[in-house]
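To start, the structure under review is shown below, and the notes come after it.
The figures here come from the full heavy-atom set of this structure, side chains too, leaving out hydrogens, waters and symmetry mates. Quantities reported herein were computed from a predicted structural model and do not represent experimental measurements. Numbers for residues simply follow the sequence, beginning at 1.
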Amino acid sequence: MASSETHHILDLPTFDGAPRLLIVVAPYYKDIADNLVAGARAMAKQAGAYVDLIEVPGALEIPTAIAMAARMADYDGFVALGCVIRGETTHYDTVCNDSSRGLTLLGLEGICIGNGILTVENYDQAAVRADPEDQNKGGGAAAAALHLISLSRKWARRTKGIGFKPAESFRIAGEPDGSSNA
């Protein structure tokens, strides 16, 4: 059962130049994936972003596809979409943990990723979360990627260090400055 709890949602960032997003989706549960994609596309359109879409076989392949695209293509950010429903074996835990870990590691490298891979107990939970008219987790993942792109662009324009000064400005008084009079 879905929660009726409300959450604070940040306003979408604005951009001088339209960001380029790649949606990477694992359509194992096709109708769920289609709803996730619809939500992500609508959110991207609202922010004025350009969107491309690729499909991969499963959630475990999503981080690999994003890593390849980050190295070889020209995207500002990525939206990871898919659905993993608990089954009878521990495969669920492996897929959930490893796909999430892969995306987190890529994010820590500075790649802007919104994670919309649903990890649920049953189909009904997935349907509610994927529905663009309900929890809209695809739209939320696109919004997350857009917020990270906005931060990345903000910090990329900085001409000064972020809280640090160049090493040469830290000369101790009375010590030689490294220049030679020879």
Could you list the residues that satisfy side-chain hydrogen bond (donor to acceptor under 3.5 Å, both in side chains) with Tyr29, not counting sequence neighbours? none
Measure across Ala18 and Gly48 and return the closest heavy-atom pair with its distance rounded to 0.1 Å. CB-O, 3.1 Å
Show the numbers, then the answer: is there a side chain to side chain contact (heavy atoms under 4.5 Å, CB included) between Ile32 and Tyr123? CA-CA 9 Å; Ile32 298 295; Tyr123 180 88; 3.8 Å; yes
Side chains of Ile149 and Pro19 in contact at under 4.5 Å (non-hydrogen atoms): yes
Rounded to the nearest 0.5 Å, how far apart are CG of Asp76 and OH of Tyr50? 11.5 Å
Show every donor-acceptor pair shorter than 3.5 Å between a side-chain atom in residues 84-91 and any protein atom, with sequence neighbours excluded, or say none if there are none.
residue, atom, partner, partner atom, Å
Arg86, NE, Glu121, OE1, 2.9
Arg86, NE, Glu121, OE2, 3.2
Arg86, NH2, Glu121, OE2, 3.3
Thr89, OG1, His91, N, 3.3

Is there a continuous path of hydrophobic side-chain contacts, each under 4.5 Å between heavy atoms, that joins Met43 to Val128? no
Under the side-chain contact (heavy atoms from CB on, under 4.5 Å) test, residues paired with Asn122 that sit two or more places apart: Asp124, Gln125
When you measure from the centre of the six-membered ring of Tyr75, is the NZ or CZ of Arg20 under 6.0 Å away and within 45° of the axis? yes
Would a single hydrophobic cluster contain both Leu21 and Leu36, if residues Ile, Leu, Val, Met, Phe, Trp and Tyr are joined by side-chain heavy-atom contacts under 4.5 Å? yes
Can you list everything that forms a side-chain hydrogen bond (donor to acceptor under 3.5 Å, both in side chains) with Asn97? Sequence neighbours excluded, please. none
Across all chains, not counting sequence neighbours, the side-chain contact (heavy atoms from CB on, under 4.5 Å) partners of Ala65 are Val24, Ile54, Val56
Checking Ala141 now: which residues fulfil side-chain contact (heavy atoms from CB on, under 4.5 Å) with it, not counting sequence neighbours? Val79, Leu81
Residues two or more places apart in sequence or in another chain: which of them pass side-chain contact (heavy atoms from CB on, under 4.5 Å) with Pro132? Asn35, Ala38, Asn136
Distance-only donor-acceptor hits, side chain of residues 100-120, under 3.5 Å, sequence neighbours excluded:
residue, atom, partner, partner atom, Å
Arg101, NH1, Asp98, OD1, 2.7
Thr104, OG1, Ser100, O, 2.9
Asn115, OD1, Ile117, N, 2.9

Got a sec, which hydrophobics cluster with Met68, joining ILVMFWY side chains under 4.5 Å apart, including via others? Met72
Quick check against the 3.5 Å criterion: does Ser152 have a side-chain atom that pairs as donor or acceptor with the backbone of Leu148? no
Apply side chain to side chain contact (heavy atoms under 4.5 Å, CB included) to Leu10 and His147, showing your working. CA-CA 9 Å; Leu10 298 175; His147 280 285; 3.6 Å; yes
Under 4.0 Å between a side-chain nitrogen and a carboxylate oxygen: does that hold for Lys137 and Asp131? no
Partners of Tyr28 by side-chain hydrogen bond (donor to acceptor under 3.5 Å, both in side chains), sequence neighbours excluded? none
In short, side-chain hydrogen bond (donor to acceptor under 3.5 Å, both in side chains) pairs touching residues 37-47 with sequence neighbours left out are none
What pairs meet the side-chain hydrogen bond (donor to acceptor under 3.5 Å, both in side chains) rule with one or both residues in residues 54-74, with sequence neighbours excluded? none
For Ala59 against Ser99, the heavy-atom pair lying closest together: O-CB, 3.5 Å
I'd like to know if Phe78 and Ile23 are part of one continuous hydrophobic network [Ile/Leu/Val/Met/Phe/Trp/Tyr, side-chain heavy atoms within less than 4.5 Å]. no
Which heavy atom in Ala33 sits nearest to a heavy atom in Pro27, and how many Å separate them? CB-CA, 3.7 Å
Mind running side chain to side chain contact (heavy atoms under 4.5 Å, CB included) on Leu53 and Val25 for me, showing each step along the way? CA-CA 8 Å; Leu53 173 77; Val25 62; 3.7 Å; yes
